[in-house]
Every structure is written in C-alpha cells, then in structure tokens.
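Chain naming here is simple, since letters A, B, ... match the order of the sequence lines and numbering starts at 1 in each.
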Amino acid sequence: MVTATMPHRFAKNPFIVRLGVIALVLVIWEVAGRWLVDPMFFAPASRVGWDLASVFKTDGVPGAMGITLLELVAAFALAVTAGLSIGLAVGLHTFSRRAFMPIILFLYGMPQVTILPIFVLCFGIGPACKIAFGFTHGVFPIIVTVAAGVQGIKPILLVGARAMGASAWQELRYVVFPHLVPSLFTGMRLGMTGVLLGVLLAELYVSTAGIGFFTTQFTQNFQPSLLLGLIGTLAAMAIVLNAVMRRLEARFARWRD
Amino acid sequence: MRSARKPAGRLGVLATQAAFVAGILALWYLATTRWGVSRILLPSPVAVWNALVNVVTSGEFLPDLRVTLFEVAVAFAISATCGVTIGYLVSRSGFRTRVYEPLFAAMYAVPLILFLPLYVLWFGLGPASKIALGATISFFPVALNTITGFSHVDRTLVTAARSMGASGFALFRFVLLPAAFPVILAGMRLGFTVALLSIIGTEVLASLAGLGHHIVELSENMEPARMFAYVAFVVAIAAVLNFAVSLLEAWGRRW
C-alpha cells in the first residue's frame, strides 16, 4: 500500500495517511488527464489548479457565485424559520403530531425533483425559483427533527414548570427551548444539506445568472478545466459548510453534560 | 401516554387528516374554477384526474418506466457491489477505517449532483450518464453503512469464535456477516432510495428518455394537466418501490 515506504511514525498517523491517499488520487488524476484521456473531456489536476484563477476572472462568475450564495442563505433562513415554527406547532401536542406527522413524512419522502418544472412555471427562471426549491428541500428535515426533539422532553419537566406557575411563554423559553437546541442544530445541518441540493438542482435545471449558467456554458464550450475548477470550488464549499454545521451541532449538543 | 390509544382519539386523528386533504383539494378546485388562477400554472383537479386515468390505462408510461427502472437497477447493482466490497475491505482494520471513513463521509456531504455536467460530458445524454451518477451517489451510503456494520461487531464475539478455532471464512460467514447484516441492509435501502432519486433527478435535468424526462417534456409542451398526472404517477411509483425495498429489508433482517 501507500504506507509501505513511509517512515514508521507517520505511517501510524491516520491523518497523514489520509493526506497520502488524497495525494495519490491527485497523482492518478494528473496522469490520466495528461496522458490517458482526451483533453476535450478532462484536464489534469495541475491545469485545473492553474486555471482556477481564470474561472473567477470569467465575466460574471463572481457575480454568479454571489447570487447562488444569496439563494442558499435566503432559502436556509426561510427553511429554519418555517421549520422551527411548524415543528413546534406540530410536535408540542400529541394530537397534532399524530394527525400531521404522517402527512409531513409523506411529503418529506416524496421525490421533489419531479415538481421542479412546476416551480419554474410558478417562479420563473430567476433566483426566486431556486430559493423556493431550496426551501422545500430544507424545511422538512427541520420540521421532523424539531418535532422529534420536543417530543423527547420529559413530561415531568413541563408539569413541574406549570405547577410552579410558569406562563406559556416561560414554559417555551425556559423548558422547551433549551431541550430543543441539540435537535434544532441536527435539523439545521440536515436542512443545510437539503437546501444545498435543492438550490443546485434548480440551478442545473435552468439558470440565467447563477452558477448553473456557467456549468452549462463550460460544458457546451468543452472547457473541462474551467468546469472542474468551478465544480471543485463548490464541492469544497459544501464540505466546509457541512464541517461547520457539524462543529456547531457537536458544540450545542454538549450543554447538558 | 401514547401507548394508551383511545379509539375516539384515533378517529379524531383520521378525521383531521381527511379534513386537511379535503381542504387542500377544495382550495385547489376553487382556485382553478372561481379565482381564475391560470390553467397553465394550476390545472383543475378534475382535469388532472382524467389525465391520470388516461396515463395509467393507456400504458403510454411503459417505455419511460422501463428506461428508468433499467437505469436504477444497474446503478444500484454497481453501487451495492462496490459499496459492500470496499466497505468490507476498509472495515477489516481499525487503522484503515480511520483513514478512509472521514474521506467517504466528506464526499457524502457533497451534493454530487454537481458533477452531472461532467458526467454528461463524459457519458453523453443517454442512460450511461444517469447510471454512472446514480451509482456514484448511492455508493457512499452503502459503503459507510458497511464500514459501520462491520466495525461495530462485538469484540467478545470475535474473540470467542477465534478461541473456538474459527478463522477466515468461518469467522466471516458465522460471526461478522450476521452481526453486520442489518446495518448493511439499512445502508442498501438508503442507497436504493438515493439512486432512485438521483436518477429521476438527472432525467429531469438532462436526458433523452425516462420518467423524469417525460415530465419535463410535458411541461415544455404546456400540457399541465398531463404533467401533474405524470408527477403523481412517478411519486406513486417511487413510493411503491421504496415500500417494496423496506419490505425486503425487514424480510432480510428476520433471515
């Protein structure tokens, strides 16, 4: 394996070996791009890295990145607000939970991409359509985790608070909310993944200003190094976002210990 | 609290659900007949129902369904085989698990649908690009669950089996596999759902045939009633397939 020739101390550190694996993948990519694959369809890693600057110098790409980021933020903010309110409304009462959770779970399990053309008909091909589609992808995981989170609160805590004269608001603020925080952050992480998927699906389907426009353009002009650079940047962004959400989730899940 | 279900409560729940669905349908009907919402944006529920009956009875969906099912079957076969094999090989040593699992998890977090333009560039607009992307996307849940399944086998079981002289194949067949099987099955169910979703998705985005492609075609031909009917049909197909896979998983667990 890769580890065979490395000094013993490094070969024992998973992090170092992981970097080695990544380096190996880059080397294979480089060799394939340089000598094995038609340059019309693929570019070596070094060229992609070199051309990364020209991706961002392409007219409109920074703007497109900004618009896509804006779509993500707007869709995520809407999804969190709506998901939290609906999740609380549905989850706090046994009756509403039993009545509406099956409907919500059905909608969550539906392949939403089938209704993407309807979104385009309703919201046009601009950012509104991407925000709406990202929202519907992100809101359901948040509703489900929030509803499950408030369901997990021990009834004795609520009864106790009520017995000590807590008002409905105080109950929500001092009992429900602190217990909700860990599941809310789990929901936000899942919601973020959903929003990212929804926005990117809508971008790839049809786009006039966002990054979807440029992935189409780079594909049609057979500019694989630019396409790979753009996709790589977005993938790196997704990995970073996910890592940040995971950190937050771990940080806020700890408060009870 | 929840275990003591009163029949009256269940009736109330059902009544609320029915009322909710009926309310949505009524709003939909009124919006199309009274409030003058454009027929292009929202066809009337009656028209959609008639179109749905027509789609199902005429059997016009068969060629598209065949394409989609073929793509899903091939993609899932590839990702299940590769996912389980690679997952098993990685899980065999704790060190390899620590090296590869974070890599797979990071890739799993990437919306791999991003790579669709690249796959279309490589494999064209036909089924090959859908199969390749579906297999790539569904590989990660299968591999990650396989790693989890095999690396959480109770150590005492393995030690006990070893001390009784089991080795190699016997250890795998009678200790490791049965212990990890339920988790692997869960991963395969997840993988199947993801493969189905991403293949319908890629058909919507860029394709020449398949259920997703047909929806877009109807939308572009401005046949909203038929398109809504087709969406309902595809959602039903997806629900049936996912349900069948859950049944298979439950059956596999018992076995």
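Contact count against chain B (heavy-atom pairs under 4.5 Å) is highest for Leu204(A) among Asn242(A), Leu197(A), Leu204(A), Ile239(A). When each of Val110(B), Leu211(B), Thr16(B), Leu121(B) is checked for heavy-atom pairs under 4.5 Å with chain A, Leu121(B) comes out on top. Of the listed residues (Leu116(B), Leu118(B), Ile200(B)), the greatest number of heavy-atom pairs within a distance under 4.5 Å of chain A belongs to Leu118(B). Of the listed residues (Val204(B), Thr97(B), Leu197(B), Leu218(B)), the greatest number of heavy-atom pairs within a distance under 4.5 Å of chain A belongs to Val204(B). The candidate from Ile115(A), Leu241(A), Leu201(A), Thr216(A) with the greatest count of non-hydrogen atom pairs under 4.5 Å with chain B is Leu201(A).
Within the 4.5 angstrom heavy-atom criterion, only side-chain atoms of Phe228(B), from C-beta onward, approach chain A. With a threshold of 4.5 angstrom between heavy atoms, Ala239(B) does not approach chain A through any atom at all. Contact annotation for Met107(B): neither backbone nor side-chain heavy atoms come within less than 4.5 Å of a heavy atom of chain A. Using a 4.5 Å cut-off between heavy atoms, Ile22(A) contacts chain B through its side chain alone, with no backbone atom that close.
In the displayed structure, Phe95(A) atom CZ is contacted under 6.0 Å by more than 12 heavy atoms of other residues, nucleotides or ligands. The local environment of CD1 in Ile156(A) is sparse, with at most 12 non-hydrogen atoms from other residues, nucleotides or ligands closer than 6.0 Å. More than 12 heavy-atom neighbours from other residues, nucleotides or ligands sit within 6.0 angstrom of CZ on Phe61(B).
Side chains of Pro111(A) and Leu196(B) form no contact here, defined as non-hydrogen atoms less than 4.5 Å apart.
When every heavy atom of Ala238(A) is checked against every heavy atom of Pro111(B), the shortest pair comes out as CB-CD, 3.5 Å. Across every non-hydrogen atom of Met227(B) and Pro117(A), the tightest pair is SD-CB, 4.0 Å. Annotation for Ala235(A) and Leu114(B): closest pair N-CD1, 3.8 Å, computed over non-hydrogen atoms. Scanning both residues, Pro117(B) and Thr219(A), for their nearest heavy atoms gives CB-OG1, 3.4 Å. Here the shortest heavy-atom pairing between Ile103(A) and Phe20(B) reads CD1-CD2, 3.5 Å.
In terms of modelled atom types and a separation under 3.5 Å, the side chain of Arg18(A) and the main chain of Arg98(B) share a donor-acceptor contact.
Note that CD of Glu203(B) is 11.5 Å distant from OG1 of Thr114(A), once rounded to the nearest 0.5 Å. To the nearest 0.5 Å, atoms CD1 (Ile215(B)) and CG (Leu116(A)) are separated by 10.0 Å.
Considering Leu228(A), Ile231(A), Thr215(A), Leu227(A) as possible partners of Phe115(B), the one that fulfils the side chain to side chain contact (heavy atoms under 4.5 Å, CB included) test is Ile231(A).
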